[in-house]
There are 2 protein chains.
Amino acid sequence: MHAVLLEHIQKFITLEPSEKAILDSSLILSKIKKKEHVLREGEIANTMYFVTKGCFRQYIINTKGTEQTLQFAIENWWITDYLSYHNHVPSHFYIQAIEDTEVIAIEKKSFESLLLQIPKLERYFRIISQKTFGASQMRIKFLFTMSAEERYRHFKNVNPDFVQRIPQYMLASYLDFSAEFMSKIRVGKV
Amino acid sequence: MHAVLLEHIQKFITLEPSEKAILDSSLILSKIKKKEHVLREGEIANTMYFVTKGCFRQYIINTKGTEQTLQFAIENWWITDYLSYHNHVPSHFYIQAIEDTEVIAIEKKSFESLLLQIPKLERYFRIISQKTFGASQMRIKFLFTMSAEERYRHFKNVNPDFVQRIPQYMLASYLDFSAEFMSKIRVGKV
DNA sequence: ATTGTTTCTTGAAGTAGTTCAAGTTTTTTG
DNA sequence: CAAAAAACTTGAACTACTTCAAGAAACAAT
C-alpha cells in the first residue's frame, strides 16, 4: 500500500511482515495541492512529511520581501523543520507544495508511538538523517567554492530533469543568486 | 569515566547500569594535538569523533588555495564526514584540531557493534543528527539573509566566548567572507 | 630574549553579483 | 479561448564584497 516508503525503509533495515502491517495501518497518505502550505513561519512543526509524488520546497521570506528557497523535497525525501519539531519553537520556514503532491504525513505523537512499536525504525531515521546532514555539508561547500554560474551548471548536470520541472526563480534563490542573474546565465550573457 | 559523553547521551535516552558499563568499556579517549588532522581530503572517513575538550574544525581548500572552514566542533559535538562515512567515498574535507583536543573516537566497526549491543543508542544518534541537520538549515538561512557584518555580529552575540578563542580568519571563512573584510568589520571601517 | 611563524590590518583597485523598472512570454483559470 | 496571473528577460546603475601587496602585531619555540 505505502510501497514507496516501505521500499525506501528496506534499503536500510529489514522489516518482519508483522512490522510491515503495523506500519501500513498507521500511515495515512494525504494529497497537497500546488501552492498549499503545510508549515508557515511562526508555527510549530509537529508533522513530518515523506514525499511519494510531487515536490515540496522549504523557503523563507527575506527582509526585502523576496522568497528564498532553502531546500526542495522530491520523491523519497522526508521534510520538516527539525529544529522547530524537536525544540517546540516557532519555525523560521514555510513548507509548500510546488506541484500537486502526495505525502505520508506523520504527527509527532504517532511517530513516537511507531518508534516504540518498531524500534528498528530508529535506525532507519538515524541513517537517513546522518546522510541528509552530510548532503547539507556538501551544499555549503558548493555555495562557498563555486561561482553562481558554476553552481547552476553543476546543479543542472546532477539534476537535469528537476531543472525542467520547477520555476527558475526558485532554483535561482536555492543557488543563492537573483532571478535576473539566472536569466542572464541561461542566455549566456555572463 | 566518560562522564561527558554519558551525560550527553542521557539527555535523550535512559541507560541501564549494564549498558553504561558496556559503553564505558568500549570507548577510548584519545588526545589530538593542535593542528593535527584526523581526516584529510581524499581519505575515507571511518571514524566518528565526540569532542570532550578543545575544538575541531572541518575545512576545505578552495581553488585559490585558501582554507575555508565549514564547521566547528566544540565540547559535546560529534563530527565526521557523514557522506564519506556512509557511502564509503573519498572525503571532500579536512578535519583538524585547532586546539589541543580530547575526543572519544569510534571506528565504524565498534560503532556498529555498539549499536547492536545497545539498540537504544540508535535513538540517541537519530535525535542528535536530526537536530544537527536542523542547525545546518538555520546556518544556510543566515548565510542567505544576512550581510557579512550581520553574520559576524549575530555569531558573536550567540557565541561570545568562542569568538575570543579562535583565529579570526577561520571565523571569517566560516561566515563566508574574507579575512581582510573581517578585519574591517571589527574596526568598524565598514 | 630572539627569531621565526602565524595572525591581523590597511588602502586602493577591481568585480561578481544585485536592484530597479519595464516589457515580454508562458501558464493557468474560469 | 480570453483574461489574468505567474514567470522570464533586458539593460543600466550600483554596491558589498574580493583581491593584492605590504607592513605591523602577536604568539610560539628554542
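The sequence lines fix the lettering, A, B, ..., with proteins before strands; numbering per chain opens at 1. What you see is a predicted model, and the numbers here were worked out from it, not measured in a lab.
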Is there a side-chain contact between [X] and the phosphate of [N], meaning an N or O under 4.0 Å from OP1 or OP2?
X      : N      : answer
A/S178 : C/dT18 : yes
A/K34  : C/dT28 : yes
B/K64  : D/dT19 : yes

Atom-pair distance ([atom1] on [X]; [atom2] on [N]), nearest Å:
X      : N      : atom1 : atom2 : value
A/E99  : C/dT28 : CD    : P     : 11 Å
B/M170 : C/dC8  : CE    : C1'   : 14 Å
A/F177 : D/dT9  : CZ    : C1'   : 15 Å
A/F144 : D/dT18 : CZ    : P     : 11 Å
B/Y169 : C/dT9  : OH    : P     : 14 Å
B/L175 : D/dA16 : CG    : P     : 18 Å
B/I185 : D/dC17 : CD1   : P     : 7 Å
B/Q168 : D/dA26 : CD    : C1'   : 13 Å

*Thinking salt bridges, do A/E19 and A/K120 make one under a 4.0 Å N-O criterion?*
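Result for this pair is yes, salt bridge flagged.
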*Does a side-chain N-to-carboxylate-O contact under 4.0 Å join A/E112 and B/R123?*
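Here A/E112 pairs with B/R123 in a salt bridge, since their nearest N and O are under 4.0 Å apart.
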When you get a sec, tell me which of [options] is the closest nucleotide to the side chain of [X]?
X      : options                : result
B/E180 : D/dC8, C/dT9, C/dC8    : C/dT9
B/S147 : C/dG11, D/dC17, C/dG17 : D/dC17
B/P167 : C/dT7, D/dT10, C/dT9   : C/dT7

*Indicate, with a heavy-atom threshold strictly under 4.0 Å, whether B/F181 touches base, sugar-phosphate, or nothing.*
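The residue B/F181 makes base contact.
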_B/K35 vs B/M182, nearer the 5' end of DNA chain C by closest nucleotide_ =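 Looking at the nearest nucleotide for each, B/K35 comes out on the 5' side.
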_Given the structure, check if the side chain of A/K184 and the base of D/dG11 hold any donor-acceptor pair shorter than 3.5 Å._
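Pair found.
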_Checking the side chain of A/S173 only, and the main-chain atoms of A/M170 only, is there a donor and an acceptor separated by less than 3.5 Å?_
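Answer holds: yes.
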*Under the criterion salt bridge (charged side-chain N to carboxylate O under 4.0 Å, His left out), which of B/K33, B/R165, B/R57 is the partner of B/E99?*
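When B/K33, B/R165, B/R57 are each tested with B/E99, the salt bridge (charged side-chain N to carboxylate O under 4.0 Å, His left out) holds only for B/R165.
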_Cation-pi geometry met for B/K131 and A/Y82 (6.0 Å, 45°)_ =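 No; the conditions do not both hold, so B/K131 does not lie above the ring face of A/Y82.
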